Amino acid sequence: MVQKILMICLGNICRSPIAEVVMVDTLEKAHKQNVVVDSAAIGSWHVGNRADPRAISTLAQHDLKCTHIVRQIQKKDFAEFDFIFGMDEENMSELRRLAPKGSKAELLMLDDFGLEAKNRIIEDPYYQRGAAGFETAYQQCVVACAAFMKERLA
């Protein structure tokens with residue numbers, strides 16, 4: 001049985017594409033098969049674009065490649081995906097609002113897996129100067145994706 005994971009953030013150019021690439025890498029290193037990972041945006045501002053250059057560069061520094069093209073979440077995603085992850089409480093609130101009644105997807109916050117309480121929220125690095133926030137988001141995703149895989153995909 002194929003399981004499907006969807007990573008969500010506000011614009012799908014920072015945190016969610018990083019989380020998507022990290023989850024794929026985590027699953028590949030663990031030789032987990034039959035899991036499909038994608039990412040999408042809450043908003044439509046960046047649809048059709050690539051991820052923020054700082055996100056792409058951060059992933060490249062860890063020998064990972066991001067080829068994702070931004071898309072916006074759709075109603076059908078709630079029926080097609082098993083797990084939909086938000087990156088913060090605002091994302092989660094919007095996902096709960098958008099979810100159709102009886103949707104299949106389990107709505108989760110990626111931050112709830114493996115991260116210490118003081119370092120739990122994956123902050124949006126978009127408005128920060130430089131790439132430090134992207135590296136922080138990457139490191140948080142590495143921990144959270146591994147913890148989710150061990151807890152829920154074992």
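All values reported here derive from a predicted model rather than from experimental measurement. The first residue in the sequence is number 1, and the count goes up from there.
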In residues 146-154, what donor-acceptor pairs under 3.5 Å come from side-chain atoms, sequence neighbours left out?
| residue | atom | partner | partner atom | Å |
| --- | --- | --- | --- | --- |
| R152 | NH1 | E106 | OE2 | 3.3 |
| R152 | NH2 | E106 | OE1 | 2.6 |
| R152 | NH2 | E106 | OE2 | 3.0 |

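- Rounded to the nearest 0.5 Å, atoms CD (E135) and CZ (R54) are 13.5 Å apart.
- Linking Ile, Leu, Val, Met, Phe, Trp and Tyr residues whenever their side-chain heavy atoms come within less than 4.5 Å places V37 and F113 in a single cluster.
- Counting all heavy atoms, side chain and backbone alike, A51 lies closest to I56 at O-CD1, 3.4 Å.
- In this structure, I5 is a member of the same hydrophobic cluster as V143, with clusters built from ILVMFWY side-chain heavy atoms closer than 4.5 Å.
- The side-chain contact (heavy atoms from CB on, under 4.5 Å) search around D112 returns M109, R120, not counting sequence neighbours.
- Every residue two or more places apart in sequence or in another chain that forms a salt bridge (charged side-chain N to carboxylate O under 4.0 Å, His left out) with E94 is listed here: R97.
- Clustering of Ile, Leu, Val, Met, Phe, Trp and Tyr side chains at separations under 4.5 Å places V2 together with V36.
- Closest heavy-atom contact between G86 and N91: CA-CB, 4.0 Å.
- Every residue two or more places apart in sequence or in another chain was checked for a salt bridge (charged side-chain N to carboxylate O under 4.0 Å, His left out) with D111, and none qualifies.
- Partners of D38 according to the side-chain contact (heavy atoms from CB on, under 4.5 Å) rule, which considers only residues two or more places apart in sequence or in another chain, are L6, E20, H68, R71, F81.
- The ring pair (Phe, Tyr, Trp, His ring centres under 6.0 Å) check on Y138 picks up H62, with sequence neighbours excluded.
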**Item:** Criterion side-chain contact (heavy atoms from CB on, under 4.5 Å) on L27 and Q33, from CA distance to verdict
**Value:** CA-CA 7 Å; L27 295 166; Q33 298 178 353; over 6 Å; no
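- Proximity of a side-chain donor or acceptor of N34 to a complementary backbone N or O of M1 within less than 3.5 Å is not detected.
- Contact between V70 and G11 at its shortest, heavy atoms only, is CG1-O, 3.5 Å.
- In this structure, K101 has no salt bridge (charged side-chain N to carboxylate O under 4.0 Å, His left out) partners at least two apart in sequence or on a different chain.
- With sequence neighbours left out, the side-chain contact (heavy atoms from CB on, under 4.5 Å) criterion links P53 to no other residue.
- Side-chain atoms of T26 come within 3.5 Å of backbone N or O of V22 as a donor-acceptor pair.
- Rounding to the nearest 0.5 Å gives a distance of 9.5 Å between CD1 of I84 and CE of M92.
- A side-chain donor-acceptor contact under 3.5 Å links D77 to the backbone of Q74.
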List, one per line, each side-chain donor-acceptor pair under 3.5 Å for residues 125-133, sequence neighbours excluded.
none

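- The two residues A19 and M87 come nearest to each other via the heavy atoms CB-CE, 3.7 Å.
- Atom CG of D88 and atom CG of L10 lie 8.0 Å apart (nearest 0.5 Å).
- Under the 4.5 Å side-chain criterion, counting only non-hydrogen atoms from C-beta, W45 is not in contact with I13.
- I122 and F85 fall within a single hydrophobic cluster, where Ile, Leu, Val, Met, Phe, Trp and Tyr side chains are chained together by heavy-atom contacts under 4.5 Å.
- When all heavy atoms of L107 and F78 are compared, the pair lying nearest together is CD2-CE2, 3.9 Å.
- Partners of K65 by salt bridge (charged side-chain N to carboxylate O under 4.0 Å, His left out), not counting sequence neighbours: none found.
- With hydrogens and angles ignored, the 3.5 Å screen pairs no side-chain donor or acceptor of S103 with any backbone N or O of A99.
- Taken to the nearest 0.5 Å, the NZ atom of K4 stands 13.0 Å off from the CZ atom of F83.
- Note that NZ of K32 is 11.5 Å distant from CE of M23, once rounded to the nearest 0.5 Å.
- Of all the heavy atoms in C14 and A55, the pair that sits closest is O-CB, 4.2 Å.
- Remark: Q72 engages S44, V47 in a side-chain contact (heavy atoms from CB on, under 4.5 Å) (not counting sequence neighbours).
- With rounding to the nearest 0.5 Å, the separation of SG in C66 from CZ in R50 is 6.5 Å.
- L108 and I42 end up in different hydrophobic clusters when Ile, Leu, Val, Met, Phe, Trp and Tyr side chains are linked at under 4.5 Å.
- A continuous path of hydrophobic side-chain contacts links M7 to V35 [ILVMFWY only; heavy atoms under 4.5 Å].
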**Request:** Show your working on side-chain contact (heavy atoms from CB on, under 4.5 Å) between L110 and L115 and close with a plain yes or no.
**Result:** CA-CA 9 Å; L110 186 59; L115 297 173; over 6 Å; no
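- A donor-acceptor distance shorter than 3.5 angstrom exists from the side chain of K75 to the backbone of L98, with no hydrogens or angles considered.
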